[in-house]
Number of protein chains: 2
Amino acid sequence: MSDPNERFGAIVKTLRENNHKLTPQRLAVAKVLAHSQGHPNVEKIYEQLMPSFPTMSLATVYRNVMLLKSLGEVLELGFPDGSNRYDGNKPFPHPHVICIHCTKIIDPDLVSLRDMTAEVADETGFKILTHRLDFFGICRDCLSTM
Amino acid sequence: MSDPNERFGAIVKTLRENNHKLTPQRLAVAKVLAHSQGHPNVEKIYEQLMPSFPTMSLATVYRNVMLLKSLGEVLELGFPDGSNRYDGNKPFPHPHVICIHCTKIIDPDLVSLRDMTAEVADETGFKILTHRLDFFGICRDCLSTM
DNA sequence: TTTGCTGCAAATAGTTTGCAGAGAC
DNA sequence: GTCTCTGCAAACTATTTGCAGCAAA
């Protein structure tokens with residue numbers, strides 16, 4: 001996990017460099033994503049901001065998350081059921097471990113993970129831009145209460 | 001790629017064993033998925049069946065794809081944009097290489113791919129049930145016409 | 001004959017968009 | 001002062017569901 005304050009600063013810097021206005025709503029979304037506690041979805045970000053921004057619209061959250069994603073400052077995690085969750089703390093490809101029971105998401109340290117991008121590019125002729133590695137299972141907490 | 005006829009047979013066997021009726025529509029969906037040419041989405045399966053089953057409903061395709069998925073005979077590939085595509089030819093986790101330009105999907109042979117399931121289970125305490133490894137990029141064809 | 005399956009149409013849920021006013025710079 | 005951003009409500013799209021009739025076994 002990166003330092004959330006540093007990540008927030010980096011996001012703000014990118015926004016400035018690309019001439020986007022720093023509205024309170026936009027900065028608030030950026031701050032939540034810089035922490036990315038639990039890899040929130042749009043709804044969670046919205047709920048988290050409601051107390052401080054009672055009039056904020058869900059559409060505004062969507063627009064800002066999309067903007068940050070297009071700037072490469074947020075990683076989008078889409079799931080087979082169509083749901084999306086976001087990580088603005090580590091906005092680069094990295095493996096995830098997802099509990100299908102409580103929907104918790106963990107970032108594991110995989111010592112044996114080598115980058116297979118070159119091999120894939122070599123074998124398929126593709127220019128590889130990004131990748132994704134997710135493991136699905138049941139977490140320790142859920143296992144113990146079953 | 002497995003032999004589509006064998007896969008079709010295996011799917012039919014599973015349907016029988018689970019006491020599901022073998023309607024013409026269901027068998028037609030199973031046949032398309034046994035081939036899984038280009039990893040179709042529901043719409044594509046529907047279009048492919050329209051000539052032979054002009055009155056078939058999209059809902060029927062959805063229902064049968066979901067049934068086969070629940071029986072473990074189809075692998076669902078969900079993407080961040082919310083779209084889903086299916087593979088009934090190799091219904092077990094395997095890596096995919098996806099062209100973000102023409103949406104083509106390829107199954108690469110990765111000689112160096114080791115199974116990291118045990119390591120992830122060990123490090124996180126999860127009971128790992130499945131996983132997913134996707135590479136995104138631009139295919140040779142699209143690269144050459146850019 | 002029984003029970004599950006299909007087609008249709010309506011409902012649903014998550015996300016996007018048009019517009020007029022507000023606010024960042 | 002300009003131009004982007006926001007809130008609202010409506011639109012949109014992919015998917016699911018209720019229901020009555022149909023068909024597999």
Side-chain angles (χ1 to χ4, degrees), chain A residues 11-33 39-71 73-74 76-86 103, chain B residues 11-33 39-71 73-74 76-86 103:
Chain A
I11 295 174
V12 171
K13 182 160 172 281
T14 300
L15 283 171
R16 272 202 217 297
E17 287 170 355
N18 289 273
N19 301 314
H20 292 290
K21 296 188 172 168
L22 303 179
T23 65
Q25 295 92 330
R26 177 163 293 163
L27 293 172
V29 170
K31 183 155 286 182
V32 171
L33 285 169
H39 303 71
N41 58 16
V42 167
E43 194 73 32
K44 279 278 183 306
I45 299 170
Y46 177 69
E47 287 169 13
Q48 200 166 329
L49 296 179
M50 278 316 281
S52 342
F53 298 84
T55 69
M56 177 153 59
S57 153
L58 200 47
T60 295
V61 181
Y62 273 105
R63 281 188 279 231
N64 281 303
V65 169
M66 288 309 121
L67 173 66
L68 294 176
K69 181 184 133 195
S70 73
L71 293 171
E73 294 292 341
V74 164
E76 183 178 58
L77 302 176
F79 295 101
D81 66 355
S83 64
N84 285 301
R85 291 169 67 175
Y86 299 89
T103 73
Chain B
I11 294 174
V12 171
K13 182 159 172 281
T14 300
L15 284 170
R16 272 199 218 291
E17 286 170 356
N18 289 274
N19 301 313
H20 292 291
K21 296 187 174 170
L22 302 180
T23 66
Q25 294 94 330
R26 178 163 291 164
L27 292 172
V29 170
K31 183 155 285 179
V32 171
L33 285 169
H39 303 73
N41 58 18
V42 167
E43 194 72 31
K44 280 277 182 307
I45 298 169
Y46 177 69
E47 287 168 13
Q48 199 166 330
L49 296 178
M50 278 316 281
S52 343
F53 298 84
T55 68
M56 178 155 59
S57 153
L58 200 48
T60 295
V61 181
Y62 273 105
R63 281 188 279 230
N64 281 303
V65 170
M66 286 310 120
L67 173 65
L68 294 176
K69 180 183 134 195
S70 73
L71 294 171
E73 294 293 340
V74 164
E76 183 178 58
L77 302 176
F79 295 100
D81 66 356
S83 65
N84 284 303
R85 290 168 70 173
Y86 298 90
T103 73

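Order of the sequence lines fixes the chain letters, A, B, ..., with proteins taken first and strands second; residue numbering starts at 1 for each chain.
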Problem - B/L33 side, atom CG; B/N64 side, atom CG - distance, nearest 0.5 Å - result: 9.5 Å
All N/O pairs under 3.5 Å across the protein-nucleotides 19-24 of chain D interface:
{"unit_1": "D/dA24", "atom_1": "N3", "unit_2": "B/K21", "atom_2": "NZ", "d": "3.3"}

Problem - Residues which pass ring pair (Phe, Tyr, Trp, His ring centres under 6.0 Å) with A/H39, listed by chain and number, not counting sequence neighbours - result: A/H96
Fill in the blank from the handout: Residue set satisfying side chain to side chain contact (heavy atoms under 4.5 Å, CB included) with B/N19, at least two apart, ordered chain then number -> none
Problem - Touch class at under 4.0 angstrom, heavy-atom based, for B/N19 against every strand present - result: nothing
Practice task
Report the distance from atom CG of A/L68 to atom OH of A/Y86, rounding to the nearest 0.5 Å.
Solution key: 11.0 Å
Exercise for the section: Establish, with yes or no, whether the OP1 or OP2 oxygen of D/dA14 is under 4.0 angstrom from a side-chain nitrogen or oxygen of B/N84. Expected result: no
Problem - Non-neighbouring partners of B/T103 that pass side-chain hydrogen bond (donor to acceptor under 3.5 Å, both in side chains), sequence neighbours left out - result: none
Exercise for the section: Return the angle between end axes of the helix from C/dT1-D/dA25 to C/dC25-D/dG1, with five pairs used per end and rounding to 10°. Expected result: 40°
Exercise for the section: Walking along DNA chain C from 5' to 3', note the first and the last nucleotide with an atom under 4.0 Å from a heavy atom of chain B, and give both. Expected result: C/dT3 to C/dC8
Problem - Non-neighbouring partners of A/Q25 that pass side-chain hydrogen bond (donor to acceptor under 3.5 Å, both in side chains), sequence neighbours left out - result: none
Exercise for the section: Rounded off to whole Å, could you give me the OH-to-P distance for the A/Y62 and D/dA9 pair? Expected result: 17 Å
Practice task
Would you mind listing every salt bridge (charged side-chain N to carboxylate O under 4.0 Å, His left out) that reaches into residues 13-24 of chain B, with sequence neighbours excluded?
Solution key: B/K13-B/E17
Exercise for the section: Could you check how far CZ of B/R85 sits from C1' of D/dA14, rounded to whole Å? Expected result: 15 Å
Exercise for the section: Would you mind reading off the distance between A/M66 atom CE and D/dC5 atom P, rounded to a whole angstrom? Expected result: 15 Å
Problem - For A/K69, all residues meeting salt bridge (charged side-chain N to carboxylate O under 4.0 Å, His left out), sequence neighbours excluded - result: A/E76
Fill in the blank from the handout: B/E43 meets the side chain to side chain contact (heavy atoms under 4.5 Å, CB included) criterion, sequence neighbours left out, with B/N41, B/Y46, B/E47, B/L58
Completion exercise
Interatomic distance, CG@B/N18 vs CD@B/E73, rounded to 0.5 Å, equals 9.0 Å
Problem - Counterpart residues, side-chain hydrogen bond (donor to acceptor under 3.5 Å, both in side chains), relative to B/T23 (two or more places apart) - result: none
Practice task
Could you check A/V61 against B/R16 and say which one's nearest nucleotide on DNA chain D is further toward the 5' end?
Solution key: A/V61
Exercise for the section: Quick one: pull up OG1 in B/T60 and CD1 in B/I45 and give me the separation to the nearest 0.5 Å. Expected result: 12.5 Å
Practice task
Quick one: pull up CG in B/N84 and CG in B/L77 and give me the separation to the nearest 0.5 Å.
Solution key: 8.5 Å
Fill in the blank from the handout: Note: contacts of residues 45-55 of chain B with DNA chain D (heavy atom, under 4.0 Å) are none
Practice task
Look at the side-chain N and O atoms of B/N41 and state whether any lies under 4.0 Å from the OP1 or OP2 oxygen of D/dA14.
Solution key: no
Handout entry: Nucleotide D/dT4, atom P - distance to CG of A/L15 in whole Å
Key = 15 Å
